[in-house]
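Below: one structure, written as structure tokens.
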Amino acid sequence: MPIPVTGQAGRLLVEEVPVALVYNGSTHAVMMATPADLEDFAAGFSISEGIVERVGDLGEIEIVPQGEGVELRMWLEEPFAARLANHRRAMAGPVGCGLCGIDSIEAALRPPAPVLTRGLELTSADLREAPAALRRAQPLHDATGAAHAAGLWRPGQGLVRLREDVGRHNALDKLLGATLKAGETGAGAAVVLTSRVSVEMVQKAAALGAEAILAVSAPTTLAVRMAQDAGLTLITNLKGGEGRVLAHPTRLKELSSR
């Protein structure tokens, strides 16, 4: 929750705490995050990182406050426990590149899930209205001015789900987890982002099954290449219904008909 700033009436600061992702009693990662929608975060992170394939693979998610932070405790059955253990062993040991060894480099560049075409058609009205709807639906950002958001936009329905966090990756993981927990996917929908588009954002959107990313900021070169490879429509730098169409423009109804 936002906290008030001493001596500045009406001003709030966004909360940021360490959140540990713990599987079978061992900490896999510690992320700095906003402590809200944590079950969504645990589910989305686990799926987008390839630790499990479905929300049901996690079983119960236990949220345990720990001093200044929070532990998200999950228990994996085979084969997911073995998969995670093998990944940890591959990362162990000294390396000379300053990263986590060649396996972690390959993991960082893992191909995104192929995106299926399920009838998404975007118009200039969608490109104008989706970012505006996202901006109107950000209570945490309105209170603090310091939170990112990720939303799911379905043409004809509008913004159907939104999650916020101090971290842009976390916001998208929370959206992913919330959507899959509801028994839905991103098929026929676009992910709308307040942030720049990096390769991880493309991987997470593809894991959700979204057919497009609509972002108000710019992408990286690798994000564009991965969107192309995944079959994901990528439109960035959106303002006033116009933007940069950088991958798979065929889902843009008004452009593809020309």
Would you give the length of the straight line joining atom [atom1] of [X] to atom [atom2] of [Y], rounded to the nearest 0.5 angstrom?
{"X": "L234", "Y": "M201", "atom1": "CG", "atom2": "CE", "answer": "11.5 Å"}
{"X": "M226", "Y": "T220", "atom1": "CE", "atom2": "OG1", "answer": "9.5 Å"}
{"X": "L193", "Y": "K204", "atom1": "CG", "atom2": "NZ", "answer": "11.5 Å"}
{"X": "L175", "Y": "R161", "atom1": "CG", "atom2": "CZ", "answer": "7.5 Å"}
{"X": "E211", "Y": "T185", "atom1": "CD", "atom2": "OG1", "answer": "8.5 Å"}
{"X": "L122", "Y": "K253", "atom1": "CG", "atom2": "NZ", "answer": "11.0 Å"}

Are there more than 12 heavy atoms of other residues, nucleotides or ligands under 6.0 Å from atom [atom1] of [X]?
{"X": "E62", "atom1": "CD", "result": "yes"}
{"X": "E78", "atom1": "CD", "result": "yes"}
{"X": "Q228", "atom1": "CD", "result": "yes"}

Any side-chain heavy atom of [X] sitting closer than 4.5 Å to one from [Y]?
{"X": "V22", "Y": "M74", "answer": "no"}
{"X": "L172", "Y": "V191", "answer": "yes"}
{"X": "F41", "Y": "L21", "answer": "yes"}
{"X": "N237", "Y": "P219", "answer": "yes"}
{"X": "T233", "Y": "P249", "answer": "no"}
{"X": "F45", "Y": "I51", "answer": "yes"}
{"X": "R73", "Y": "I61", "answer": "no"}
{"X": "T117", "Y": "R251", "answer": "yes"}

Between [X] and [Y], what is the shortest heavy-atom contact and its length?
{"X": "A33", "Y": "N170", "result": "CB-ND2, 3.4 Å"}
{"X": "P139", "Y": "A137", "result": "CD-O, 3.2 Å"}
{"X": "V30", "Y": "A20", "result": "CG2-CB, 4.1 Å"}
{"X": "L176", "Y": "G44", "result": "CD2-CA, 3.9 Å"}
{"X": "G69", "Y": "V17", "result": "CA-CB, 4.5 Å"}
{"X": "L152", "Y": "R154", "result": "CD2-NH2, 3.9 Å"}

After noting the C-alpha distance and the side-chain angles of Y23 and L58, does the key distance pass the side chain to side chain contact (heavy atoms under 4.5 Å, CB included) rule?
-> CA-CA 9 Å; Y23 301 91; L58 287 172; 4.2 Å; yes

[X] side chain to [Y] main-chain N or O, any donor-acceptor pair under 3.5 Å?
{"X": "H148", "Y": "V166", "value": "no"}
{"X": "R135", "Y": "A130", "value": "no"}
{"X": "N24", "Y": "A81", "value": "no"}
{"X": "D165", "Y": "T34", "value": "yes"}

Going by an N to O cut-off under 4.0 Å, is there a salt bridge joining E39 and K174?
->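 No.
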
Would a hydrophobic clustering, with Ile, Leu, Val, Met, Phe, Trp and Tyr connected at side-chain separations under 4.5 Å, put [X] with [Y]?
{"X": "L214", "Y": "V245", "result": "yes"}
{"X": "L120", "Y": "I235", "result": "yes"}
{"X": "I63", "Y": "V55", "result": "yes"}
{"X": "L222", "Y": "V202", "result": "yes"}
{"X": "V216", "Y": "L252", "result": "no"}

Reference residue R168; test side chain to side chain donor-acceptor pair (under 3.5 Å); the match among S195, S217, S198 =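 So the option named by the test is S198.
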
With no hydrogens and no angle check, do the side chains of R244 and T236 hold a donor and an acceptor under 3.5 Å apart?
->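 No - no donor-acceptor pair under 3.5 Å links their side chains.
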
Before giving the answer on salt bridge (Lys or Arg N to Asp or Glu O under 4.0 Å), spell out for E53 and R83 the whole-Å C-alpha distance, their side-chain angles and the decisive distance to 0.1 Å.
-> CA-CA 12 Å; E53 297 173 358; R83 179 191 299 179; 3.2 Å; yes

Any residue meeting salt bridge (Lys or Arg N to Asp or Glu O under 4.0 Å) with D229, in chain and number order, not counting sequence neighbours =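 With neighbours one apart ignored, the set is empty.
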
With sequence neighbours excluded, residues passing side chain to side chain contact (heavy atoms under 4.5 Å, CB included) with E60 |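 Here no residue qualifies.
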
Audit row: W153, D126, side chain to side chain contact (heavy atoms under 4.5 Å, CB included) steps and yes/no | CA-CA 9 Å; W153 177 267; D126 291 310; 3.1 Å; yes

